[in-house]
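In what follows, every chain begins at residue 1, and chains take the letters A, B, ... in the order their sequences are listed.
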Amino acid sequence: MHQSTLWRRYRTIAAVMTAFLLLVAGCVPGPRRGQPVPGELSGSIIVAGSTAMQGLVDEAAAEFMLQHKNVQITVQGGGSGTGLSQLQQGAIDIANSDVFAEEKEGIDASKLVDHRVAVVGFAAIVHPANPVDSLTKDDLIRIFTGEVTNWRELGGQDERIVIINRPRGSGTRSIFRRIALKDHEEIEGITQEASGTVRQMVAQLPGAISYLALPYLDGSVKPLQLNKISPTAENIANDKYPLWSYEHMYTRGQPSGVAKAFLDYILSDKTQEQLVKAAGYIPIADMKVTKQPPGRDAS
Amino acid sequence: MKNSAKRWGALGERWLLLSAVVLVIITVAIILFIAQRGLATFFVHKVSPLEFFFSTLWRPDRTAAEGGPRLGIASFIVGSVLVTGLAVLMAAPLSILTAFFIVEIAPGIGRRLIQPAVEILAGIPSVVYGWVGLSLLVPFLRSRFGGTGFSVLAGALVLSVMITPTIVSVACEAIRSFPREGKEAALALGSTRWQTLRWVVFPAVLPGLITAVILGMARAFGEALAVQMVIGNTHTLPRSLLDQTITLTSGITLDMGYTIMGTAWNSALWTMALVLLLMSLAFILISRAVTRRGVLK
């Protein structure tokens with residue numbers, strides 16, 4: 001009798017635990033959907049890395065999987081650094097990165113193959129009411145090294161300059177620092193992790209200045225011209241506007257199977273002209289110039 | 001019938017044992033993993049502990065050509081301690097007085113209305129607190145005090161709201177545990193209600209109240225997202241409550257996606273995680289010690 005009350009008490013717990021175990025078991029990849037037809041592409045790959053690229057790659061993967069029923073592509077974020085190091089360890093098949101693998105400490109770039117899938121532009125951004133329209137690289141250096149602290153000195157209103165940085169290691173920050181700041185060390189400022197938060201903060205703070213990838217521009221902040229050149233797709237394509245970088249998808253060695261087919265799909269004219277452009281990026285084929293990884297002879 | 005019940009009972013007990021063992025293994029594994037990663041900063045990357053804990057210079061991405069990374073986490077530690085301390089200073093008196101009100105003054109609406117209302121606060125995800133802080137509190141502080149609005153004060157205010165439900169719930173339990181006879185005895189001796197609360201109930205349940213505050217403190221110390229959104233994340237020591245700073249947790253979440261396993265920078269983040277782990281361990285030990293000393297068990 002006593003035993004059975006005891007059991008009655010345990011029963012719920014046991015049921016919950018069993019359900020949990022079944023759930024865990026359900027998460028382990030089971031057999032692929034459908035029967036593999038000989039000659040048809042099948043298999044699964046994991047893509048991870050840059051959060052900035054996640055949306056674009058996710059969308060491409062969804063369309064790719066619609067065409068290939070026996071293919072499973074999982075797209076995760078985690079950051080460029082995480083993606084590259086997971087690729088290096090063999091945990092994933094493709095790493096999305098905003099920066100050249102050569103720029104990442106601890107990554108052996110010689111073992112990785114670079115696939116440049118798009119180009120993204122960046123702009124210095126300010127509060128929409130800020131009367132300043134254009135700055136030079138020297139202006140930006142003076143702002144970000146703390147030499148200039150008031151917009152008045154740059155032809156703006158009497159408003160203290162508030163610098164908002166992305167974290168060290170962020171692709172956006174390292175590109176901005178290398179190209180716009182000529183590698184000058186920024187002073188400490190407010191740091192925000194996500195591009196969306198940076199945008200919200202700049203829209204709120206009258207004296208704010210930061211930098212953003214062009215796909216994030218939505219009218220709530222004002223992008224600045226650099227040396228009077230606007231950050232447009234055309235100016236980037238012929239390198240008149242220098243603040244841009246590649247979006248990379250790295251593989252370990254030459255890709256094969258699903259990974260190769262997926263990369264080909266992303267680089268196909270249709271994807272580049274529709275998906276890539278719609279997401280605010282510039283198709284790789286539009287570029288009239290190329291850039292080399294830093295540390296090698298720059299063209 | 002009886003036999004089968006016995007068999008099922010034995011099986012059920014085995015399930016319970018298994019879950020307990022799994023839980024212990026997971027906990028030990030996490031602690032070992034964090035310790036191993038975190039200690040690499042000192043043993044593999046040879047960062048001096050003195051510099052690590054007492055320097056505010058944080059240049060984790062400096063190349064070897066420029067002299068290698070500089071990893072000083074003093075500003076993170078000071079930021080965490082300062083924000084947590086302030087949050088507790090603001091939240092603890094309010095929460096404890098509320099708990100007394102709920103239990104002793106208005107048990108009816110207290111139990112049915114106020115306590116559930118406070119507990120709803122506990123269920124709001126921290127990203128929502130952060131967002132409200134970013135959209136309402138930061139602009140308010142900016143218009144009221146000038147500057148950017150991102151500040152130690154903003155972080156502490158957001159945290160104080162977040163830890164209030166923890167402190168209220170635990171404090172309520174502590175006050176409820178005081179035996180009815182004790183109160184009746186005090187009243188029978190001619191004490192007023194205030195005297196009973198102040199001189200009989202309060203001293204007796206004090207250890208429980210302290211535990212409540214410590215649990216709130218532990219929650220505040222470990223909170224990352226909401227604080228990160230309103231504190232500004234500047235790797236410097238704050239000079240005033242309106243200055244920006246950074247905390248251990250926001251430092252980790254800010255940088256972790258950009259670092260590569262095995263680099264000094266990555267190890268430094270693990271060491272910060274280890275510091276957080278040891279702090280929460282300390283909080284648990286302190287609250288246990290306080291409870292053990294208490295008059296009421």
Side-chain angles (χ1 to χ4, degrees), chain A residues 1-11 13-18 20 49-51 77-86 88-89 99 103-107 160 162-171 173-174 177 185 187-194 197 200-201 204-208, chain B residues 1-16 18-19 22 56 58-64 66 69 75 130-131 134-135 138-139 142 146-150 225 228-229 231-236 244-246 250-251 253-266:
Chain A
M1 179 55 210
H2 171 72
Q3 278 289 342
S4 98
T5 16
L6 201 65
W7 161 235
R8 214 168 286 147
R9 216 178 293 154
Y10 289 163
R11 198 162 45 185
I13 305 176
V16 169
M17 294 235 13
T18 316
F20 176 72
S50 159
T51 43
S80 300
T82 307
L84 286 170
S85 83
Q86 285 189 333
Q88 185 161 273
Q89 292 160 14
V99 293
E103 292 177 63
K104 278 283 174 194
E105 188 98 13
I107 293 293
R160 217 168 71 86
V162 179
I163 293 171
I164 299 169
N165 275 320
R166 295 289 307 284
R168 291 169 183 284
S170 130
R173 177 165 172 171
S174 64
R177 181 204 270 196
E185 175 78 34
I187 53 163
E188 272 301 329
I190 293 176
T191 312
Q192 282 300 337
E193 195 204 351
T197 323
Q200 191 183 352
M201 289 174 69
Q204 278 185 13
L205 290 165
Chain B
M1 169 62 205
K2 188 158 185 203
N3 239 343
S4 110
K6 207 177 228 168
R7 208 180 51 211
W8 281 106
L11 201 66
E13 270 175 49
R14 229 165 273 164
W15 261 114
L16 298 190
L18 184 71
S19 9
V22 167
T56 58
W58 179 253
R59 297 267 183 286
D61 53 348
R62 208 163 71 164
T63 57
E66 292 171 288
S75 52
W131 205 14
L134 182 63
S135 313
V138 169
R142 180 166 61 242
T148 62
F150 294 93
L225 206 54
Q228 186 197 314
M229 290 168 84
I231 201 169
N233 306 312
T234 311
H235 300 87
T236 46
Q244 295 98 42
T245 187
I246 193 164
S250 58
T253 52
L254 217 53
D255 283 8
M256 62 183 178
Y258 305 111
T259 63
I260 310 286
M261 270 288 185
T263 56
W265 184 359
N266 187 272

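To the nearest 0.5 angstrom, A:Ile164 atom CD1 is 8.5 Å from B:Thr148 atom OG1. Here the CG-OG distance, from B:Asn266 to A:Ser85, works out to 7.5 Å after rounding to the nearest 0.5 Å. For the atom pair CD (A:Glu103) and CG (B:Asp61), the distance works out to 11.5 Å, reported to the nearest 0.5 Å. In this structure, OG1 in B:Thr234 is found 9.0 Å from CG in A:Asn165, a value given to the nearest 0.5 Å.
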Practice prompt. Under the salt bridge (charged side-chain N to carboxylate O under 4.0 Å, His left out) rule, what do A:Glu185 and B:Arg59 come out as? Steps first, then yes or no, please.
Written response: CA-CA 10 Å; A:Glu185 175 78 34; B:Arg59 297 267 183 286; 3.4 Å; yes
Discussion item. Please determine whether side chain to side chain contact (heavy atoms under 4.5 Å, CB included) holds for the pair B:Phe150 and A:Leu205, giving the CA-CA distance in whole Å, both sets of side-chain angles, and the decisive distance to 0.1 Å.
Written reply: CA-CA 10 Å; B:Phe150 294 93; A:Leu205 290 165; 3.9 Å; yes
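Between chain B and the options A:Glu193, A:Gln89, A:Arg166, the largest number of non-hydrogen pairs under 4.5 Å is found for A:Glu193. For the set A:Gly81, A:Gly79, A:Gly49, A:Ala194, the entry with the most heavy-atom pairs within less than 4.5 Å of chain B is A:Gly81. Taking B:Thr263, B:Thr253, B:Leu254 one by one and counting their heavy-atom pairs under 4.5 Å with chain A, the maximum is reached by B:Leu254.
Contacts of B:Ile231 with chain A are absent, with no heavy-atom separation under 4.5 Å from either backbone or side chain. For A:Thr197, the part sitting under 4.5 Å from any heavy atom of chain B is the side chain, from C-beta outward, and nothing else. Of the atoms belonging to B:Arg142, it is side-chain heavy atoms, and not backbone ones, that fall under 4.5 Å from chain A. With a 4.5 Å cut-off on non-hydrogen atoms, B:Ser135 touches chain A through its backbone and its side chain both.
Listed here is the closest heavy atom pair of B:Trp131 and A:Gln200: NE1-OE1, 3.7 Å. Across A:Arg168 and B:Asp255, no two heavy atoms sit closer than the pair O-OD1, 4.4 Å.
Residues satisfying the salt bridge (charged side-chain N to carboxylate O under 4.0 Å, His left out) test with A:Arg173, not counting sequence neighbours, are A:Glu186.
A:Thr191 places a side-chain N or O within 3.5 Å of a backbone atom of B:Asn233 that can act as its donor or acceptor partner. At distances below 3.5 Å, not a single donor-acceptor pair connects side-chain atoms of A:Glu188 with backbone N or O atoms of B:Thr236.
Contact check for A:Gln86 versus B:Met261: no side-chain heavy atoms found under the 4.5 Å cut-off. The closest side-chain heavy-atom distance from B:Tyr258 to A:Pro167 is below 4.5 Å.
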